[in-house]
Amino acid sequence: MLTKDKIAQQELAAATASYKEVCPDASTFISDEKLDAAVEKLGDDVYDEAYGRTFLNKVMVGMSDDSIAGYVISVTTKDGYEGNITLSVGLLPDGTVNAISFTELNETAGMGMLCGESAFRDQFCGVKTDAFLLNKSGESTQANAIDTVSGASTSSGAIVNAVNTALDFYATNIE
């Protein structure tokens with residue numbers, strides 16, 4: 001029992017650190033009954049097949065004093081090259097992507113793991129869009145086009161789908 005509690009505390013600390021990374025203006029993170037109910041309604045089902053095999057884990061509201069600083073949406077995709085990829089997507093109150101942070105990324109070293117580097121992650125930051133597009137040709141000029149990591153198009157695509165899942169949930173349940 002003691003080990004189980006310690007693991008739960010470590011997981012909570014890791015999740016909180018991820019939330020703070022993607023929603024730094026928040027001083028606290030709270031649950032919202034309506035959003036929790038929307039996530040629970042999905043159960044263990046794929047969010048929407050248009051986004052691959054993605055699953056919503058949790059939605060938290062980032063608060064700064066009495067105002068909403070943003071939202072953190074945790075998504076898992078089962079379409080990574082080496083397995084599951086879980087990330088937190090931080091959205092500003094208007095739906096702009098603030099940042100993404102990985103809580104699980106076990107992709108191929110030197111290729112898929114490069115998706116965890118800022119050169120890839122930062123492409124999402126500061127963009128307000130309904131959905132991101134995966135650009136396999138490189139050096140896109142569109143704000144919502146994400147350049148794939150060379151040699152890691154499967155991982156890159158899975159992450160784009162996971163972020164798009166968060167954006168769709170925001171548009172459907174928060175906006």
Side-chain angles (χ1 to χ4, degrees), residues 11-12 14-80 84-105 115-116 118 120-135 140 142-149 155-175:
E11 288 174 351
L12 178 62
T16 302
S18 177
Y19 299 163
K20 190 70 177 156
E21 184 177 342
V22 300
C23 191
D25 293 339
S27 53
T28 58
F29 296 93
I30 62 170
S31 295
D32 176 277
E33 286 182 27
K34 178 184 154 220
L35 299 176
D36 289 347
V39 172
E40 282 182 37
K41 185 178 176 186
L42 295 167
D44 293 331
D45 293 334
V46 167
Y47 179 77
D48 183 329
E49 290 183 12
Y51 304 118
R53 295 181 303 153
T54 59
F55 302 84
L56 273 173
N57 303 317
K58 190 172 206 61
V59 178
M60 299 297 288
V61 180
M63 300 297 294
S64 177
D65 297 321
D66 290 334
S67 62
I68 296 174
Y71 300 90
V72 179
I73 302 175
S74 174
V75 181
T76 296
T77 174
K78 294 186 178 274
D79 292 331
N84 293 349
I85 299 172
T86 302
L87 57 119
S88 294
V89 180
L91 300 171
L92 298 176
D94 71 352
T96 299
V97 175
N98 192 52
I100 66 170
S101 173
F102 296 95
T103 52
E104 181 182 12
L105 181 64
C115 292
S118 62
F120 180 76
R121 287 190 341 257
D122 290 353
Q123 295 179 83
F124 296 94
C125 301
V127 179
K128 182 170 173 50
T129 184
D130 293 334
F132 287 96
L133 307 169
L134 183 63
N135 178 30
S140 173
Q142 293 177 276
N144 71 330
I146 302 299
D147 293 329
T148 187
V149 171
S155 303
S156 301
I159 293 163
V160 167
N161 279 338
V163 174
N164 285 342
T165 296
L167 290 172
D168 187 78
F169 183 85
Y170 171 86
T172 306
N173 296 282
I174 299 171
E175 191 171 43

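Given the structure is predicted, the values throughout are model-derived calculations rather than measurements.
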Checking the side chain of [X] only, and the main-chain atoms of [Y] only, is there a donor and an acceptor separated by less than 3.5 Å?
X    : Y    : answer
Y71  : G95  : no
N144 : A131 : yes
S156 : V149 : yes

Which residue is it: I146, L87, V75, L91? I am looking for the one with a side chain to side chain contact (heavy atoms under 4.5 Å, CB included) to V163.
L87
Side chain to side chain, V89 and Y170, heavy atoms closer than 4.5 Å
no
Within the structure provided, determine whether F124 and V160 are in side-chain contact (heavy-atom separation under 4.5 Å).
yes
Side chains of N57 and T76: donor-acceptor distance under 3.5 Å anywhere?
yes
As an exercise, state the distance from [atom1] of [X] to [atom2] of [Y], rounded to the nearest 0.5 Å.
X    : Y    : atom1 : atom2 : value
N161 : I85  : CG    : CD1   : 10.5 Å
D36  : M60  : CG    : CE    : 8.0 Å
I73  : F169 : CD1   : CZ    : 6.0 Å
T148 : Q123 : OG1   : CD    : 9.0 Å
N98  : C125 : CG    : SG    : 7.0 Å
T172 : L167 : OG1   : CG    : 10.5 Å

Taking only residues at least two apart or on different chains, which pairs with a member in residues 48-68 satisfy salt bridge (charged side-chain N to carboxylate O under 4.0 Å, His left out)?
R53-D79
Strictly by salt bridge (charged side-chain N to carboxylate O under 4.0 Å, His left out), give each pair with a member in residues 120-130 just once, sequence neighbours left out.
none
Pairs in or reaching into residues 15-50: which pass ring pair (Phe, Tyr, Trp, His ring centres under 6.0 Å), with residues at least two apart or in two chains?
Y19-F29
